[in-house]
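Along the sequence shown, the residues carry numbers beginning at 1.
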Amino acid sequence: MRSSIIFLGSLASRTGEASIFYPGGCEIGTRPVDLHLKALSSLGTFVQEDGSSIHCTANSLTGAKIILSFPSVGATENIIIASAVSKGRTTIINPAKEPETSDLASFLNKCGARIYGAGETTVEIEGVSELHPCEHTIIPNRILAATYMSAAAVTGSRIAIDDVRATHLSPVLPVFNEMGCKLYLRDNSLIIDALKGSKECE
């Protein structure tokens, strides 16, 4: 799983030691995890690589200023999770701003973390000694919604998608309009109409 790398920092900080195989699950090109490992090292994790796996040890994590060379979603999430229970303050410069990072911060804050600025140009994390359980509803999956929209556009169909957030889909909505699809947004639902000659919904 590509996402296995996200748990490396949290496992190392919780147990003092963690090992994972190199993450896979992606065929779109080279996707190194160097940003993750550099960030974890900055927080006080000792990282070893043997060609097939990554091994981390950490007596404790200490906050640091981390500048990402590009806004990686995975690296931003890894830093947020690992530093939530670190000592001191962690600052992430040039973090990812995707809705998922903000939702992660919201969840962790409900658990007692102190994370500020998620979704902005700088994220600040004030480490706490422990987290507690909470109830949290995750945000709708914007990628899945856009996939269903694409399927409707390709097949010339009309479908309704419930539980969406228009603000999360705003980058792709103009593209579907340009393709001739009609879009109707009401509350948290979206109708995409790609039928030829279809009439507008009332």
**Q.** Pair K182 + D193, salt bridge at N-O below 4.0 Å
**A.** no
(Q) As a quick check of understanding, evaluate side chain to side chain contact (heavy atoms under 4.5 Å, CB included) for S150 and F176, giving each step before the final call. (A) CA-CA 8 Å; S150 299; F176 286 97; 3.6 Å; yes
Q | Exercise: identify the closest heavy-atom pair between Y148 and I159 | A | O-CD1, 3.4 Å
Q. Can you tell me how far CG of D163 sits from CG of D187, rounded to the nearest 0.5 angstrom?
A. 12.0 Å
Q.
Determine whether a donor-acceptor pair (N or O, by modelled atom type, separation under 3.5 Å) exists between the side chain of S106 and the backbone of S102.
A. no
Q | Donor-acceptor contact below 3.5 Å, side chain N78 vs main chain I5 | A | yes
Q: For residues L169 and V164, determine if any side-chain heavy atom of one lies less than 4.5 Å from a side-chain heavy atom of the other.
A: yes
Q) Any chance CG of D34 has more than 12 other-residue heavy atoms, nucleotides or ligands included, within less than 6.0 Å? A) yes
Q) So does R89 pair up with E124, basic N to acidic O under 4.0 Å? A) yes
Q. Are L8 and L37 close enough that some pair of their side-chain heavy atoms sits under 4.5 Å apart?
A. yes
Q: Rounded to the nearest 0.5 Å, what's the gap from NZ on K87 to CG on L43? Could you check?
A: 13.5 Å
**Q.** F107 with I81, same ILVMFWY side-chain cluster at under 4.5 Å
**A.** yes
Q.
Are the side chains of V85 and L131 in contact, using a 4.5 Å heavy-atom criterion?
A. yes
Q: Kindly indicate whether the side chain of L183, heavy atoms from C-beta on, has any atom under 4.5 Å from the side chain of M149.
A: yes
Q | Donor-acceptor pair between H55 and E17 side chains, under 3.5 angstrom | A | yes
Q. Any side-chain hydrogen bond (donor to acceptor under 3.5 Å, both in side chains) pairs touching residues 60-73, not counting sequence neighbours?
A. none
**Q.** Point-to-point distance, once rounded to the nearest 0.5 Å, from CG of L11 to SG of C56
**A.** 9.5 Å
Q | Contact check, side chains of V123 and T91, non-hydrogen atoms, under 4.5 Å | A | no
Q: May I ask you to decide if A96's main-chain N or O and T76's side chain share a donor-acceptor pair within less than 3.5 Å?
A: yes
Q. Going hydrophobic residue to hydrophobic residue with side-chain gaps under 4.5 angstrom, can you get from Y184 over to I161?
A. no
(Q) If I compare all heavy atoms of I66 with all of A39, which pair ends up nearest, and what's the gap? (A) CD1-O, 3.8 Å
Q) Say you draw a straight line from OG1 of T101 to CD1 of I80; how long is it, rounded to the nearest 0.5 Å? A) 6.0 Å
**Q.** A84 to A113 - nearest heavy-atom pair and separation
**A.** CB-CB, 4.3 Å
Q. Is L68 reachable from L61 through a run of I, L, V, M, F, W or Y residues, each pair having side-chain heavy atoms under 4.5 Å apart?
A. yes
Q.
Would you say V172 ends up clustered with I192 if hydrophobic residues are merged whenever their side chains have heavy atoms under 4.5 Å apart, either directly or through other cluster members?
A. yes
Q) According to a 4.5 Å side-chain heavy-atom criterion applied to Ile, Leu, Val, Met, Phe, Trp and Tyr, with indirect links allowed, do I115 and V128 form part of one hydrophobic cluster? A) yes
Q: Kindly give the heavy-atom pair with the smallest separation between T90 and G63, and that separation in Å.
A: OG1-CA, 3.1 Å
Q: Sorted by first residue and then second, give each side-chain hydrogen bond (donor to acceptor under 3.5 Å, both in side chains) pair with at least one member in residues 43-52; sequence neighbours left out.
A: Y22-E49, D50-S52, D50-S53
**Q.** Any donor-acceptor N/O pair, T15 side chain to A12 backbone, under 3.5 Å
**A.** no
Q | Residue pair Y116, I125: steps toward the side chain to side chain contact (heavy atoms under 4.5 Å, CB included) verdict | A | CA-CA 6 Å; Y116 312 98; I125 305 106; over 6 Å; no
**Q.** Euclidean distance, I191 CD1 relative to L185 CG, rounded to 0.5 Å
**A.** 9.5 Å
Q | D162 side chain reached by L190 side chain, heavy atoms, under 4.5 Å | A | no
Would you mind writing out the side-chain donor-acceptor pairs for residues 133-143 within the sub-3.5 Å range, not counting sequence neighbours?
| unit_1 | atom_1 | unit_2 | atom_2 | d |
| --- | --- | --- | --- | --- |
| H136 | ND1 | K110 | NZ | 3.1 |
| H136 | NE2 | D103 | OD1 | 3.0 |
| N141 | OD1 | I143 | N | 3.1 |
| N141 | OD1 | L144 | N | 2.9 |
| R142 | NE | E100 | OE1 | 3.2 |
| R142 | NE | E100 | OE2 | 2.8 |
| R142 | NH2 | E100 | OE1 | 3.1 |

Q) Are the side chains of V33 and I54 in touch, meaning some heavy atoms are under 4.5 Å apart? A) yes
Q. Atom CD in E77, atom CG in L108: separation rounded to 0.5 Å?
A. 10.0 Å
Q: Grab the two heavy atoms, one from T155 and one from A151, that are nearest each other, plus how far apart they are.
A: OG1-O, 2.7 Å
